2 protein chains.
Amino acid sequence: MQTVIKKFKKNLQEENLKSTPQRLAILEEMMKTDEHLECEEILLKLKEKGNKVSRATLYRTMDILVKYKFVRKLEIGDGRVRYDSNLVHGKRNHDHMICLDSGDIIEFYNDKIEKLQNEIAEKNGYKIIRRVHQLFVKKV
Amino acid sequence: MQTVIKKFKKNLQEENLKSTPQRLAILEEMMKTDEHLECEEILLKLKEKGNKVSRATLYRTMDILVKYKFVRKLEIGDGRVRYDSNLVHGKRNHDHMICLDSGDIIEFYNDKIEKLQNEIAEKNGYKIIRRVHQLFVKKV
DNA sequence: TTAATTTTGATAATCATTATGAAAAAAATA
DNA sequence: TATTTTTTTCATAATGATTATCAAAATTAA
């Protein structure tokens, strides 16, 4: 969607950050995948397509993408940082179920849990900004 | 509680691990705190009490304590690893609310969410082994 | 007590991420 | 369009938490 790129450019401007080919290449790469990619994988994908970007630039740009919620940082405690794109069409707000046997990451969403979370926060005088909800599971 | 120490010794035996003063000192230290401590803090507390333990031993022992569920590893995405003791009297199963302004970590528990989680896992053919549920909040 | 095995601790190695600083690119200005 | 200013990039060094190494010490079993 062109609108995503336009929004990104606008966000960059708002912070006096410049629109560069590297930043755009990274954004576009994240628009194309619904996997949970690690930095090295993103770097590799970019390289394969001829968009070579340095490690430092990738890390810096991922922080920008997280800040503007184009992607979400996903840490499941195995020491690897993954990124979950919010840019893939039809993808909604979700949480993760991680299979301890296969390593599969399954997305789930539950409206009731959502509501209960809000109630808990409210009851304590807080509002929720962001949440992490991960179920580590095994096949029955 | 003597029973905790006995249980620990039994667990060690079961895996052909030896009962050492360092391991016991670390367990006992974790029985005394309901804070969410980092490795360096645990190391410091031990040192202050004259129980000097090397970094390597501390890391190795924390893994054992996690394995036997004496403590829980708590990672809230700020790059610091904390340990949440399950050994403090009256402490139950809980999740965490993290205040983005103050850094406070507030514990919460909700039975309904617990049930919904189990339903979700079941529906997908899984059973829950462990879970991470963190609400990042700000004061209203 | 001895012997076999495990653990400890000091230090080196690792590895993901961040800092550095010169060269290149982008935006602003003339 | 050329020039100037500012930001960004890239390659590499630095960082810092955790892990590996291995000789010396401690533990357990016989």
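None of the values given here were measured: they were computed from a predicted structure.
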Ring-face cation of A:Lys138 near B:Tyr126 (centre distance under 6.0 Å, axis angle within 45°): no

Length of the CG-C1' vector between A:Leu24 and C:dA25, whole Å: 14 Å

Closest approach of B:His36 to B:Leu74 (non-hydrogen atoms, all atoms of both residues): CD2-CD2, 3.6 Å

Residue whose closest nucleotide on DNA chain D lies nearer the 5' end, B:Ser19 versus B:Gly79: B:Gly79

A:Glu75 CD to D:dA17 C1', straight-line distance once rounded to whole Å: 14 Å

Rounded distance (Å) that lies between atom P of C:dA16 and atom CD of A:Glu38: 9 Å

Any B:Thr20 side-chain nitrogen or oxygen under 4.0 Å from OP1 or OP2 of C:dT6: no

Atom-pair distance (CG on B:Asp63; P on C:dT7), nearest Å: 13 Å

Test salt bridge (Lys or Arg N to Asp or Glu O under 4.0 Å) applied to A:Glu40 and A:Arg80, step by step: CA-CA 10 Å; A:Glu40 287 306 309; A:Arg80 296 174 178 203; over 6 Å; no

Atom pair distance, as rounded to whole Å: CG in A:Leu12 and P in C:dA26: 13 Å

Separation of atom CG in B:Asn51 from atom P in C:dT8, rounded to whole Å: 13 Å

Residue closer to the 5' end of DNA chain C, B:Val53 versus A:Pro21 (nearest nucleotide): B:Val53

B:Glu28 side chain to B:Asn51 side chain, donor-acceptor N/O pair below 3.5 angstrom: no

5'-most by nearest nucleotide on DNA chain D - B:Ala56 or A:Arg60: A:Arg60

Rounded distance (Å) that lies between atom P of D:dT9 and atom CG of A:Leu58: 11 Å

Spacing between A:Arg80 atom CZ and C:dA16 atom C1', to the nearest angstrom: 12 Å

Listed nucleotide nearest any side-chain atom of A:Ser54, set C:dT17, D:dC10, C:dA26: D:dC10

Geometric class of the B:His133/B:Phe108 ring pair [parallel <30°, tilted 30-60°, perpendicular >60°]: perpendicular

Nearest listed nucleotide, side chain of A:Leu17, among C:dT7, D:dT18, D:dT8: D:dT8

Proximal nucleotide (of D:dT28, C:dT17, D:dT9) relative to the A:Tyr59 side chain: C:dT17

Out of D:dT7, C:dT7, D:dT9, whichever nucleotide has its closest atom nearest the side chain of A:Gln22: D:dT9

A:Arg23 side chain near D:dT8 phosphate (N/O to OP1/OP2, under 4.0 Å): yes

Given D:dC10, C:dG9, D:dT8, the nucleotide with the shortest approach to the side chain of A:Thr57: D:dC10

